[in-house]
Amino acid sequence: MVRAEIICCCFGICTGGHSTSARSASSRYGEEGWHESTSKTTIRAENEVEAHREANNYRFGFRKWKGNVTEKPIEDRSDTIKELYSDLSVVKPQEGSVVTFGNIVYVFLFGWWISLIYLLICPFMFLTIFGIPYGKLCLKLAWFFIWPFGTSVEKASDVIKSLIVKPPKCEVIPEEGNTEDSKDCAPLLVSSPIPVEIPCRISTYVWLLLGYPILAVFHSLACVLSWLLVFTIPVAKMNARTLTTVLLMAPEDIHIHRTNRCEARVILCCYQASNVYYYKYTVQGVNIFALNLLPLVLITLIIGYIDHEHNYFSAETKFATAITSIIPLSYFIGMGIASMSAQSNFAVGAVVNATFGSITEMTFYITALLQGHHAATKCYEEIVKAALTGTILGCILFIPGICMIIGGIKHREQRFNSRSAGVSSALLFISIGGVFAPTLFSKTFGNLMCESCTNVPGNSSVPFICKDCHYDTKMFSRPLVYTISVLLPAAYLIGLIFTLKTHSHIYDIHISDGHHVVHWSRWRALGVLIVATVLMACCADLSTENIEPMLTHSSISQYFIGVTVLAMVPELPEIVNGIQFALQNNISLSLEVGSCIAVQVCMIQIPLLILFNAFYDVGFVLVFSDIHLWASIFSVILVNYIFMDGKCDYFQGTALVVVYFILLALYFFAPSPRSC
């Protein structure tokens, strides 16, 4: 285990987690000592790359990433995680009954129809005469698949050998080979593929021609369905092993029997059909949920670009698939950023975070503005502003709130450095103040214009009634907008220089030599980032192209669509990261997740939109409606109040989430924007 000690500070204010030194400082100096002395965070990392990833989580301008970017040896993981990667080839002492809720659900979801298929093929193989041995095998497997738990499939010769060589009541691991490596426990966790010798005879040809193809279809279907359900991945492993090994063996070599208490290796042995911890399952470092959503991206592109006339799929369906496809692409972009940053120097990491860190949102905003420009409507501009505000509100209120709730339920009360949180709040004040300064300016000095005014005869106090009034903003706010768009990135750049250059000594990393294997190399991570960005642009284009029916015919306010679906769906991977930090009692990073995104929205994304509009005028003006203005200001003030004492619990988190939902209710019942 590599020990990395990292001093983490942001704008001169040191941050820290629940390290030993921090707790001792708190006990020596009281509550104030917690704030003043919490300057050093001890991070345990497996290798240098993971240590740099952890350090990047505390740096200004770097998006936070919870998952590992290097492979962790299976023997170093907990027994729960080891069980997830078992290939169902080990008989082991089983504690408790196999009659569980998950196993019973298996019978109704998979067991009955898989068993039925075998029962239907069984008489068919008997009728061929040559396939009688395989007909008997089908009968045995029919009974096996209706309830496979606690039953093992083993090669007959291995059964005889174990009865002769080993005592009946033993707890040993049979030798896999004569090498010294066989004494290691790793082969029992993830073994090499079992070699299969397909017998060369007439009955086998009949089986491969008539019986096996039908079973291959249904086993493949069971594999796909159980894999997509995630928590039933053991069922997928069981069907895959049956398809690739059991059904290709000689039927007389297959022995099915109840397992005993001896620990041994077999062809197939399953004790449970589901495991709630499979949400942690990864393939080459990629989370199973993100991996399972990847086919949806391909489906989105096919139905989106081929069915232009909506002959087979409605615009609403295309929008739903396109916006959902953004979730896995956001995950891959986040992992690519974390991988490149952990393997590069801090300057490269800062550039990667500043560019690709905002690419998810920027692709949607730009495509939406272009769509509105081509359609000659300002409605898309209002949707973009609603999405920008929704992202800020979600990152300020919902992400910290939900993390406080989940973390507080598990840990009762969680502590964080209130001075560090105060710096984040100050940055949010600067960002929000800069973004909404043109709005305040236009409302103070702009000309009030109304679309229609009617005279009220006989009423001297109210001579006119005017509707659809708004401020003329373009003439007065454009110079200010350009000034703000220069100052905000400048502040962001100063923060990066402070963190990575002039005060880089505050990150004191001590790491011993350690071997590591990264999931993605720098070039592979760069390739993933480029491909994911291109796919993200396509999905954003399809989502903006097919959102029009929701804008024109929906009874829901366009404000609500922007601040919810379009704002928060791309941030789902970040929400998961924040929750994982909170569960590990690292609420400081949970709070920084939302703050980092909100600061990037204000200091990078909005100035980039202004820059884009300067070169290609799509009519984007940085003047927000009143509801966006006051909701954002109120949220920043509330969060600053919550962060004052450096402690949080689920009640404070509930307050933030309730306020967030109250604001969503305002958007839901608000009338649609004037331009929509």
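The CD1 atom of I333 lies 4.0 Å from the CE atom of M536; values are rounded to the nearest 0.5 Å. L488 CG to L608 CG: the interatomic distance, rounded to the nearest 0.5 Å, is 11.5 Å.
The backbone N or O of F624 sits less than 3.5 Å from a side-chain atom of T439, completing a donor-acceptor pair. Remark: the backbone N or O of R63 is paired with a side-chain donor or acceptor of N353 at under 3.5 angstrom. Put simply, the side chain of N613 never gets that close to the backbone of L609: no donor and acceptor are under 3.5 Å apart. R522 contributes a side-chain N or O that, together with a main-chain N or O of Q343, makes up a donor-acceptor pair within less than 3.5 Å.
For the residue pair N292 and V230, the shortest heavy atom distance occurs at ND2-CG2, 3.5 Å.
For Y667, the ring pair (Phe, Tyr, Trp, His ring centres under 6.0 Å) partners are H628, not counting sequence neighbours. Residues meeting the ring pair (Phe, Tyr, Trp, His ring centres under 6.0 Å) test with F356, sequence neighbours left out: none. Not counting sequence neighbours, N57 has no partner by the side-chain hydrogen bond (donor to acceptor under 3.5 Å, both in side chains) test. The ring pair (Phe, Tyr, Trp, His ring centres under 6.0 Å) search around F398 returns Y660, not counting sequence neighbours.
Residue pairs meeting the salt bridge (charged side-chain N to carboxylate O under 4.0 Å, His left out) criterion with at least one partner in residues 534-544, sequence neighbours excluded, are absent.
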Give the table of side-chain donor-acceptor pairs shorter than 3.5 Å for residues 427-436, with sequence neighbours excluded, one pair per line with atom names and distance.
{"from": "S431", "atom 1": "OG", "to": "L427", "atom 2": "O", "distance (Å)": "2.7"}

